[in-house]
2 protein chains.
Amino acid sequence: MSTVTFSPLYRQIRDRLVHSLQAGEWRPGEAIPSEIDLAARYGVSQGTVRKAIDALSAENLLVRRQGRGTFVASHQEARAQIRFLRLRPDDGGEPRQPSSRFLECRRLRAPLEIARALEMKAGDAAVTIRRLLEFDGEPIVLEEIWLPGSTFRGLTAERLNAYSGPLYALLETEFGTRMIRASERLRAVAAGEAEARALGVATGEPLLLVDRVSSTYGDKPVEVRRGWYRTHHHHYFNELS
Amino acid sequence: MSTVTFSPLYRQIRDRLVHSLQAGEWRPGEAIPSEIDLAARYGVSQGTVRKAIDALSAENLLVRRQGRGTFVASHQEARAQIRFLRLRPDDGGEPRQPSSRFLECRRLRAPLEIARALEMKAGDAAVTIRRLLEFDGEPIVLEEIWLPGSTFRGLTAERLNAYSGPLYALLETEFGTRMIRASERLRAVAAGEAEARALGVATGEPLLLVDRVSSTYGDKPVEVRRGWYRTHHHHYFNELS
DNA sequence: TAGTGGTCTAGACCACCGT
DNA sequence: CGGTGGTCTAGACCACTAA
C-alpha cells in the first residue's frame with residue numbers, strides 16, 4: 001500500500017553528485033569533472049548529467065561558467081554573501097559588505113530550545129557567538145548565533161578575530177560545513193536594554209527581529225541565529241516571484 | 001560597438017508565449033496548446049518548446065500538470081495567494097486565508113511619489129484602497145494600496161465589497177491585469193495614531209512596515225502597497241535559497 | 001585550437017490523467 | 001484507450017574561455 005516512489009535517472013545522478021559534494025570530493029570553488037566525464041562515470045548520456053547539474057545549479061550548489069566548467073558554489077563569492085544578508089541601505093547604493101565586530105564567543109551546553117532547533121539533545125556542547133555588524137562604521141545589526149559544538153570544535157574568539165571575511169566562508173573553509181539554505185522569520189519588536197545599548201538606540205525603539213535556521217546538505221540544521229536589525233536607514237529586501 | 005545580444009531559440013519562443021499571455025490569447029486558469037501543437041506553430045522541435053515552457057513555469061507564469069496539460073497561472077489558486085502574503089501564524093498551523101475588510105476606496109490624483117513608482121505622471125488618475133486583513137476575526141494587517149486609475153476604471157467600493165476572494169484574483173479576472181512578481185522592503189516602525197486605532201494596539205507599538213511594488217508582464221509596475229503588520233502572534237516568513 | 005558548457009533536433013519510450 | 005507532459009538518448013553544431 002506504500003506509494004511507489006519513481007525517481008528519474010537525472011534525479012539519481014543529482015543525488016550522487018550531492019553525496020560527492022557532501023563527502024568533500026570537490027571543494028568549494030573547485031571545478032567538478034566535465035559533463036562528458038561524468039556521463040561516462042555514471043554510464044548515462046550527457047543530457048541526463050546536464051539535467052542533474054541544472055537542478056543543482058538552480059539550488060545554488062553548483063555554478064556553471066560557459067567555456068570554463070562547473071564549479072562548487074562557495075560563500076567566498078559575493079553572490080552567496082548577498083543571498084544570506086538581505087539588509088540594504090535605503091539609498092539603493094551598492095550593498096557594501098558590512099564589517100563584523102565580535103563581542104563574545106563561548107562554549108556551553110545548548111538550552112532546550114536551541115538543541116531542538118539543531119536536532120541535538122539538550123545539554124549537548126554548543127558554541128554561541130555575539131557580534132555586531134557595522135555599515136560604514138555604524139552598528140546596524142546585533143546577532144546571537146548558535147552552532148553545534150561538536151562540528152565546530154576549534155572555533156574560538158581568536159579565530160574569529162583573525163578572520164575578516166563573511167562568517168559562512170570561514171565555517172566552510174575551516175570546518176568543512178557549507179550553509180546551503182536558510183529560513184527566516186521576521187517580527188517587529190521593541191529594543192530591550194541590551195540591544196539598545198549595543199546598537200546605540202533608545203530602549204523601546206522598534207527593531208526588526210530576524211530568526212534564522214540554516215541548514216547544510218540534506219537539510220540538516222546547523223545554525224540558529226537571532227538578529228536585531230536597526231532599520232532607520234536600511235531595509236530588508238525581498239523578492240516575491 | 002554595441003554588445004551583440006545572442007538570444008537562443010527557446011528564449012525567443014518564451015518571449016512569444018509571454019506576448020500571447022499578455023494579449024490574453026489564453027486566460028488565467030485555461031490550458032495553453034500542447035507542446036506538440038506549439039512546436040508545429042512555431043516551427044521548432046518539441047524539446048525547444050519544452051525548454052521555453054520550463055522557463056515560464058519556473059517564473060510562475062505557467063503551471064504544468066502531467067497528463068493534463070499546461071495552464072496559465074492564476075491568483076485564484078491557493079499557491080499564488082501564499083506566494084504574495086508571507087505572513088504566517090506563529091503556531092505553524094495551516095496558513096488560513098485572511099478575510100479583508102475594506103475601509104476606503106477613492107479615486108484621486110496620484111501624488112508625486114506614487115506616480116514615480118507606477119511610472120505615470122504626477123496628477124494622473126489613481127485609485128487608493130485602505131483595508132484591514134483579519135485572521136480569525138483579529139485585525140493583523142492594515143494596508144494602503146495605490147493603483148493606476150486608467151487601467152482600473154470600474155474599481156469601486158461596491159465592487160470590492162461584493163467580492164470575497166483575494167484582491168489580485170479580482171484584478172486579474174475583472175480588469176485583465178495579472179500581478180507577476182513583487183519586491184518588498186521591510187522595516188520596523190512605531191505605530192502612528194491611525195495605524196494603532198485600526199489595528200487595536202497602543203500608539204508607538206512596534207509594527208512591521210512592508211512596502212511593496214508589484215508588476216505585471218514586462219516588469220511594468222502596476223501597484224504600490226504599504227502594509228503595517230502586527231507581529232505579536234504572526235511572523236513574516238522568508239526562505240533564503 | 002582544444003575543451004568546456006549551451007543549443008537544437010528527432011525519435012523512442014514512460015508516467016499520468018480523463019474518458 | 002488516446003492525449004498530455006516527463007524522461008532519456010545520440011548526435012550535430014554553436015558560444016565561450018584559456019592557453
Check your understanding: In whole angstroms, how far is the P atom of dT4(D) from the CG atom of L62(B)?
Key -> 16 Å
Check your understanding: Who pairs with F71(B) by ring-ring contact (aromatic ring centres under 6.0 Å, His included), at least two apart in sequence or on another chain?
Key -> none
Exercise for review: Walking along DNA chain C from 5' to 3', note the first and the last nucleotide with an atom under 4.0 Å from a heavy atom of chain B, and give both.
Suggested key: dT7(C) to dG18(C)
Exercise for review: Check whether any side-chain heavy atom of I140(B) lies under 4.5 Å from a side-chain heavy atom of T231(B), and answer yes or no.
Suggested key: no
Point to revise | Residue list, ring-ring contact (aromatic ring centres under 6.0 Å, His included) with H234(B), at least two apart or on another chain | key: F135(B)
Check your understanding: Under 4.5 Å between any side-chain heavy atoms of D37(B) and I32(B), yes or no?
Key -> no
Review point. So, is S34(B) close to the dG3(D) phosphate, meaning a side-chain N or O under 4.0 Å from OP1 or OP2?
Key: no
Exercise for review: Kindly determine whether Y168(A) and E223(A) satisfy side-chain hydrogen bond (donor to acceptor under 3.5 Å, both in side chains), including the steps that lead there.
Suggested key: CA-CA 10 Å; Y168(A) 284 176; E223(A) 184 206 42; 2.4 Å; yes
Check your understanding: Below 4.0 angstrom, N of the basic side chain to O of the carboxylate: do E174(B) and R159(B) qualify?
Key -> yes
Exercise for review: Scan V222(A), T177(A), L167(A), I129(A) and name whichever one has a side chain to side chain contact (heavy atoms under 4.5 Å, CB included) with L147(A).
Suggested key: I129(A)
Practice item. For DNA chain D, determine which residues of residues 13-28 of chain A have any heavy atom closer than 4.0 angstrom to one of its atoms, and list them numerically. Key: none
Every protein N/O within reach of nucleotides 17-19 of chain D N/O, cut-off under 3.5 Å:
unit_1, atom_1, unit_2, atom_2, d
dA18(D), OP1, R68(A), NE, 3.3

**Study point:** Derivation of the side-chain hydrogen bond (donor to acceptor under 3.5 Å, both in side chains) call for E184(B) and Y236(B)
**Key:** CA-CA 12 Å; E184(B) 296 192 324; Y236(B) 183 103; 2.5 Å; yes
Practice item. Give the C-alpha distance, both sets of side-chain angles, the deciding distance and a yes or no for salt bridge (Lys or Arg N to Asp or Glu O under 4.0 Å) between R181(A) and E239(B). Key: CA-CA 8 Å; R181(A) 74 172 77 179; E239(B) 202 58 70; 5.0 Å; no
Check your understanding: Counting only non-hydrogen atoms, which of residues 44-56 of chain A are less than 4.0 Å from DNA chain D?
Key -> V44(A), S45(A), T48(A), K51(A)
Review point. Could R88(B) and F237(B) be counted as a cation-pi pair, given that NZ or CZ must be under 6.0 Å from the ring centre and within 45° of the axis?
Key: yes
Check your understanding: What are the two closest non-hydrogen atoms of G176(A) and R27(A), and how far apart are they?
Key -> CA-NH2, 4.5 Å
Exercise for review: May I have the step-by-step check of salt bridge (Lys or Arg N to Asp or Glu O under 4.0 Å) for E143(A) and R226(A), ending in yes or no?
Suggested key: CA-CA 6 Å; E143(A) 281 185 324; R226(A) 170 165 284 186; over 6 Å; no
Exercise for review: Could you tell me whether H75(B) and F84(B) have their ring centroids closer than 6.0 angstrom?
Suggested key: yes
